[in-house]
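A short worksheet on the structure shown next.
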2 protein chains.
Amino acid sequence: MGRSEIISKRDEILDASEAMIRQLGFNGFSTRDVAEAVGIKAASVHYHFPTKADIGVAVTERYTHRFLHDLGDPAAFDGDVKKVISRYVASFRHALVRDEKLCLCAVLGAEIGSLPKDVGSTARVFFERNIEWLKVAFTACRLTDAKARSQANHLLSSLEGAMIISKTMADDSVFESVAKTLSRLADL
Amino acid sequence: MGRSEIISKRDEILDASEAMIRQLGFNGFSTRDVAEAVGIKAASVHYHFPTKADIGVAVTERYTHRFLHDLGDPAAFDGDVKKVISRYVASFRHALVRDEKLCLCAVLGAEIGSLPKDVGSTARVFFERNIEWLKVAFTACRLTDAKARSQANHLLSSLEGAMIISKTMADDSVFESVAKTLSRLADL
DNA sequence: GTCTATAATTTGATAGAC
DNA sequence: GTCTATCAAATTATAGAC
């Protein structure tokens, strides 16, 4: 027996919900779908999370925390821009290729107008923290603040867009093409 | 009196639906919402489009046709990469800043897993045609096929991603930052 | 913590009158 | 082409038993 049995029902709900948001969008599944996925009834899901918005917020906060944690220390790349980019690209590739899913917050951003307000602002925090991470990382590579900011915006935007286009076209080579372009740009 | 009165109800339905998809996602509105927006009843919407999927397909095909038409001839840029980029960026800026909305197909791509199949494949065609347009444009600038392809993927991805992040952060300066970066890269 | 039962609303869609 | 009326199903959420 593995360790999977010690995962709490609450975490199972978050796992199933995250997978569904990333594949179907926040409006593309119901609390009943989540309940079925984790083997309980919808009423029990509402015991753990009173509203669907509460699920959205909890999923997004956990996703953001995990993503930033996995990225590690932004100042630990020996002042090497190529290492920063390669580390950052790897995190997105992981989401697309290993998980076979989009970035949670890109999906939420795409339907921002129909999201509960707190879910939308939690998604916004993901982007803010990512840009901050990249700015710190590039600043540690001795880029000016202006260059660090524009590089951060560019890197984040390119990867989020590449994931959506790759998924829609069912062709991960688009992502890899963009990843390669981003690496090459670091040589300049 | 302007010309707006000669717009058919069918077109009004497409206009309202496009706006709603781009703001709320395909699963973020109902045919009743569309009906109210155009001043008829839901049953009448279903007279023009039997199913919601039919609306999605029609909206996406019209959007793609209009977008490509507005881009014009991809071979008409005097072999100048900067002109190609500036023209292409302008079309996305138009969508984000003038319409104050996301790209229809980026939104659809984000919820691809919960879309009716034909809607998803119509969105895919939008990306295919855009990449083709860019490849033709860059090839006319004497880039190799490989460079034209990677530039096309990169440009499309960056702009789609930048739009989603700008909207989510309620800050168009992210888009403009990416636009500037893309222009600068053309100088290399 | 999970269940049954149920409420209140919304949704996509159809039948048939005008 | 648009309406009223209606339907069956789905949705979010709650009350209360176990």
Side-chain angles (χ1 to χ4, degrees), chain A residues 4-60 107-108 111-120 122, chain B residues 4-60 107-108 111-120 122:
Chain A
S4 54
E5 295 154 74
I6 65 169
I7 295 177
S8 71
K9 204 99 263 186
R10 187 176 191 277
D11 285 342
E12 282 188 64
I13 291 169
L14 293 180
D15 290 343
S17 299
E18 179 185 319
M20 288 183 192
I21 297 173
R22 290 173 66 185
Q23 284 172 306
L24 310 168
F26 188 78
N27 296 312
F29 71 102
S30 71
T31 51
R32 258 178 179 76
D33 297 329
V34 174
E36 277 170 35
V38 305
I40 58 178
K41 296 295 176 180
S44 304
V45 171
H46 286 289
Y47 163 79
H48 294 282
F49 301 95
T51 70
K52 195 184 176 187
D54 292 327
I55 297 179
V57 169
V59 165
T60 309
V107 174
L108 294 176
E111 29 179 18
I112 188 82
S114 63
L115 296 182
K117 269 222 172 97
D118 11 354
V119 179
T122 310
Chain B
S4 54
E5 295 156 73
I6 64 172
I7 296 177
S8 72
K9 205 100 261 185
R10 188 176 190 278
D11 286 342
E12 282 188 65
I13 291 169
L14 293 179
D15 290 343
S17 300
E18 179 185 319
M20 288 182 192
I21 298 172
R22 291 173 64 186
Q23 286 173 303
L24 310 169
F26 188 76
N27 296 313
F29 70 102
S30 71
T31 51
R32 263 179 177 77
D33 296 329
V34 174
E36 277 171 35
V38 305
I40 59 179
K41 296 294 175 181
S44 304
V45 170
H46 286 289
Y47 164 80
H48 294 282
F49 300 95
T51 70
K52 195 185 177 187
D54 292 326
I55 297 179
V57 169
V59 164
T60 308
V107 174
L108 294 176
E111 28 179 19
I112 189 81
S114 63
L115 296 181
K117 270 223 171 96
D118 12 355
V119 178
T122 311

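Here is the naming used below: chain letters follow the sequence lines, and residue numbers restart at 1 for every chain.
Look at A/His46 and you won't find any side-chain N or O under 4.0 angstrom from OP1 or OP2 of C/dT2. Of the side-chain N and O atoms in B/Tyr47, one or more sit less than 4.0 angstrom from OP1 or OP2 of D/dG1.
Counting only heavy atoms from C-beta on, B/Lys41 has its side chain closest to D/dT4 among D/dT14, D/dT4, D/dT2. Side-chain proximity of A/Ala43 to the nucleotides D/dA15, D/dT12, C/dT11 is greatest for D/dA15. Distances were taken from every side-chain heavy atom of A/Lys9 (C-beta onward) to each of D/dT12, C/dG12, C/dT2; the shortest belongs to C/dT2. The side chain of B/Thr51 lies closest to C/dA13 when the candidates are D/dT11, C/dA13, C/dT2.
B/Phe49 comes within contact range of no nucleotide atom at all, as no heavy-atom separation falls under 4.0 Å. Among the atoms of the strands shown, base atoms are found under 4.0 Å from some heavy atom of B/Ser44.
The CZ atom of A/Arg32 sits 14 Å away from the P atom of C/dT6 (whole-angstrom rounding). With rounding to whole Å, A/Glu36 atom CD is found 12 Å from D/dT12 atom P. Atom CD1 of A/Ile55 is separated from atom P of D/dT11 by 13 Å (rounded to the nearest Å). We find that NE2 of B/His48 is positioned 17 Å from C1' of C/dG12, with the value rounded to whole Å. The CZ atom of B/Arg10 sits 11 Å away from the P atom of D/dG1 (whole-angstrom rounding). To the nearest angstrom, P of D/dT2 lies 5 Å from CD1 of B/Ile40. Between the P atom of D/dA10 and the CG atom of A/Asn27 lies a distance of 18 Å, rounded to the nearest Å. Taking atom CG on A/Asp33 and atom P on D/dA9, their separation rounds to 17 Å, with Å as the unit.
Between A/Val119 and A/Thr122 the shortest side-chain heavy-atom distance does not fall below 4.5 Å. Within the 4.5 Å cutoff, the side chain of A/Phe29 has heavy atoms near those of the A/Ile21 side chain. The shortest side-chain heavy-atom distance between B/Ser114 and B/Phe26 does not fall under the 4.5 Å cut-off.
Within 6.0 Å of NZ in A/Lys9 there are more than 12 heavy atoms belonging to other residues, nucleotides or ligands.
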Report the C-alpha distance between A/Leu24 and B/Asn27 in whole Å, list the side-chain angles of each, state the deciding distance to 0.1 Å, and finish with yes or no for side chain to side chain contact (heavy atoms under 4.5 Å, CB included). CA-CA 9 Å; A/Leu24 310 168; B/Asn27 296 313; over 6 Å; no

